Structure formats: C-alpha cells, structure tokens
2 protein chains.
Amino acid sequence: MDQAVLEASFRAYFLGLGHDIDWQYLSLSMMLHPVRKGDYLFHQGELANRLYFLHSGLVRYVGVSDAGKEFTQTFVKGPRVIGSTRAMVTGMPVLFGIQALSDTMVISYPWAEFFQQMSQDKGFLASYMAFLEQIFIAKEERESAFVKHSAERRYLDFCADYPELKEQVPLQYIASYIGITPIALSRIRQKLKLSNG
Amino acid sequence: MDQAVLEASFRAYFLGLGHDIDWQYLSLSMMLHPVRKGDYLFHQGELANRLYFLHSGLVRYVGVSDAGKEFTQTFVKGPRVIGSTRAMVTGMPVLFGIQALSDTMVISYPWAEFFQQMSQDKGFLASYMAFLEQIFIAKEERESAFVKHSAERRYLDFCADYPELKEQVPLQYIASYIGITPIALSRIRQKLKLSNG
DNA sequence: CCAAGAAATTAACCTAGGTTAAGAAATCCA
DNA sequence: TGGATTTCTTAACCTAGGTTAATTTCTTGG
C-alpha cells in the first residue's frame, strides 16, 4: 500500500476534526502495521506509546478479566485514530488489546516525538482536543447506558446504533460488548424473537 | 467569599496542568455557586453548558437508572474542574447530576464564550488538553476495573485508592460507586471482617 | 441533649445472568 | 466439496447480588 495514500488519509481525518493543520512541523516517518483479520495490533499489558491510525478495516478493543474472560470495550471502524490514550500519554502498559475483525491497515508515529513537533501548531492542538472530547463523550454515554439500562435494552440499543456492525460482528463479541455471555445473549434474542412473532 | 481568591484558585489549578496561560484574553465575569451539603449543582437532564470549577469541598456525580436507582459515577474533591464535558461541548442535557457531599464553593463561566476567548492561547489549549487526557485516563481505568474485578475486589481497591473518602463518604454512596447495593456492600464488609479476624 | 430522621446491618427470599455440557448451524480451508 | 473448526443455541443447574422488611446505630437540627 502506498504511503502517500495512507498519509493523505491520516491528514484528511485530522482535517475532519475541524481545524487546519500545518504539517510542516512534522518530520517523522510512519510505521506500517498491516494487521490481518483475527490478529492483534497489540495485546493487553504491552507498551503502546505510539499514535495509531486505523486507515481501513474494523477492530475491537479487548480486555481480559481476572477470571480470564474477554470483554469488548469498543468497536472502531477506520479511518480513525485508535489505541490507548493512557498508554500513549503515560507510557504505561495498555489495559486492553486491539484485535482486527477484518484485514486492516494501521499506521503509527511515536507519540512523544509526534506531539513535541505538532504541538507547535494551534490547529493540531485544537483538533487533538476535539478528538479527546469525542472519545470522552462516547465513554460518558457508554458508562451511563451500562448503569441505566438492562442487558436486553443495551442489546436493542446496540442494534439500533450500529446496524452494520450487527451484521459483520460475531454475536459473542456483541455479547461481550454489552457485558454479558453469549449464552445470555442467545436467551435474550430467543425471547425477543418470541415476543415479536 | 472573595472573588479574587476564587479566581486565583482557578488559575492556580490550570497552571498545575503544566502550561503557562495568558489570562488577558479572558473578559467574562464568573458566576458563584455556593452549594450546600446535600444540594445539587445541577440535576440529570438539565443543561450545564458552563465550565464549572470546584474551588473547595467534595461532590459526587450521580446518575439515575431507568428503574429509579442512583449510581455514583465518581467523587471529586476541589480544587478541580467539574461538570459534564458532553453537556458543555454539545449543549445536550447532562447524563448525571452533581451533588455536594460537603458545603462547597463552585464558580463557572459560559463555556462557548470562555473557549472562544481562551483558545487564542496555546498554553490554555495545551492545559485543557492535559485535563481531557487526565479524565479520559481515569475513565479508561475505571471501565477496566469494572470489567475485570469482582465487587469485593472493587471495594478493597476503593479503600486503598481513596482512604480519606472511605471515612468521609456514606457507605451507600461507596456501594453505588462500585456498582452494588448498600446491602451487598454490608455483606462484603461482614465477610471481610470475619476473614480478617 | 434528645427526638426524629437517615444510614447501616441482618435475615429471608428471588432472579438475572453465569456455568457446564451437548447438539446444531455456520464457516473455513485444503 | 467435505471434514474440521468455530459459532450459536438450548437445557439444567448455580450463584452473586437484588429486594423487601425489620432492627440497630448514627447524625443532626431544635
């Protein structure tokens, strides 16, 4: 895949965040990560202090519980910045892994250097800020939904909010996203089928 | 309370986020909200499109579920910026209320105007960005803990992480913070008491 | 300092969702 | 295309934590 295309995709994404950015400040070469369906960009516990950009494809963030059970934190479709803000900013090991659900293309830059160079540009700061606001708002909404709604309601909301994911993503991942087992999700689907005729 | 003191506290907090800020850009008068123990700064469902700063005291963020049950999203001790990023940025109604757990003093500015003026300053952008990173990281950690650990473990972690809150905050709020009922928390505490002699 | 309300505990019972297990359906290669 | 693997469903049983309700302990305002 052509690096120029990837770079253009990356810049277009940032432009979409609402501010003009002067990329002259940036003098770093990107790293390419073609991640195949099923494989991981990184695993829980590893270091991931880079800025990752998912150019194309679909991934999920996966945490593993003390008891060894998987939990899907979120699904992300490219083009979008992905990764762990915490790991990137603090240099601590990630709390979740990122698994490709389709063949994907990811690029990355080392965050510390990238930020040092780009923070000279106000447009970049404003864009990155907008990105942080976006992902924080998404978390606020998700936390709220988790607390307020039953598993059944969370499933229905998922289907309404992500009709296309509902088709592409294995049910077990959807179950782990709404916080229940695949068995419990089956029961819910069964019940819904009956009550809807 | 002296406005100059509150303003100084506000600026000191931002300075603590790591960047020098030129406050000359700002020409807005602050609003004062002395919120007494037990009262709310705002309730779930209201508009809260202002930048709130908790100068002193302790508050909790409270969501109410479909079934009418309360859930404590987080505890915050001043001095710190508080409020809903989502409500502030998007102008949508808040997903949770903020209740004072002690007598508090809160000040606020209208966010849109505040941001318009202050976004001219790179130091402010960088500081606000740092704040967003901080709160996002906290959410990442909390989400991870919720999924990975049992209620008992979450209680023990809470006690370890916030020894001072453990003393000041009613048990029912701690219960709702770790996602269980006060009754369930009592059972856990009982069990721990027995097993520790 | 006391009465009234609020907070915490305990007990008895209930239920959503977890667990194990086994079969059916879908998917994936070779 | 067919055997193998993975995914999904169903059933039977179990358990953490919810619910209701009664009792005790703490707070707090007058």
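Model, not experiment: these values are computed from the prediction. Order of the sequence lines sets the chain letters (A, B, ...), proteins ahead of strands, with each chain counted from 1.
DNA chain C is contacted by Pro170(B), Leu171(B), Gln172(B) of residues 159-173 of chain B, taking any non-hydrogen atom closer than 4.0 Å.
With rounding to the nearest 0.5 angstrom, the CG atom of Asp22(B) is 7.0 Å from the CE atom of Met118(B). With rounding to the nearest 0.5 angstrom, the OG1 atom of Thr85(B) is 13.0 Å from the CD atom of Gln134(A).
Here the side chain of Ser119(A) pairs a donor or acceptor atom with the backbone of Phe115(A) at under 3.5 angstrom.
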Query raised in the report: Reading nucleotides 12-30 of chain D from the 5' end, what letters show protein touch, with B for base, S for backbone sugar-phosphate only, - for no heavy atom under 4.0 Å?
Result: B----BBBB-------S--
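Looking at Glu140(B) and Lys139(A), no side-chain N of the basic residue comes within less than 4.0 Å of a carboxylate O on the acidic one, giving no salt bridge.
Other residues, nucleotides and ligands contribute only 12 or fewer heavy atoms inside 6.0 Å of the CD atom of Gln116(B).
At whole-Å resolution of the value, CG in Leu192(B) and P in dA8(C) are 16 Å apart.
Taking only side-chain nitrogens and oxygens, Gln190(A) comes nearer than 4.0 Å to OP1 or OP2 of dT10(D).
Both tests pass for Arg154(B) against the ring of Phe146(B): distance under 6.0 Å to the centre and angle within 45° of the axis. For the pair Arg142(B) and Tyr177(B), the distance from NZ or CZ to the six-membered ring centre is under 6.0 Å and the angle to the ring normal is within 45 degrees. Figure legend: Arg60(A) and Tyr173(A) shown as a cation-pi pair, the cationic atom lying under 6.0 angstrom from the six-membered ring centre and within 45 degrees of its axis.
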Requested in this report: Evaluate the ring-ring contact (aromatic ring centres under 6.0 Å, His included) criterion for residues His43(B) and Phe96(B): first the C-alpha distance (whole Å), next the side-chain angles of each, then the deciding distance (0.1 Å), finally the verdict.
Outcome: CA-CA 7 Å; His43(B) 285 89; Phe96(B) 52 82; over 10 Å; no
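Phe114(B) and Phe14(B) have tilted rings, their planes meeting at an angle from 30° to 60° on a 0 to 90° scale.
At its two ends the helix from dC1(C)-dG30(D) to dA30(C)-dT1(D) runs along axes set 60° apart, each axis drawn from five pairs and the angle rounded to 10°.
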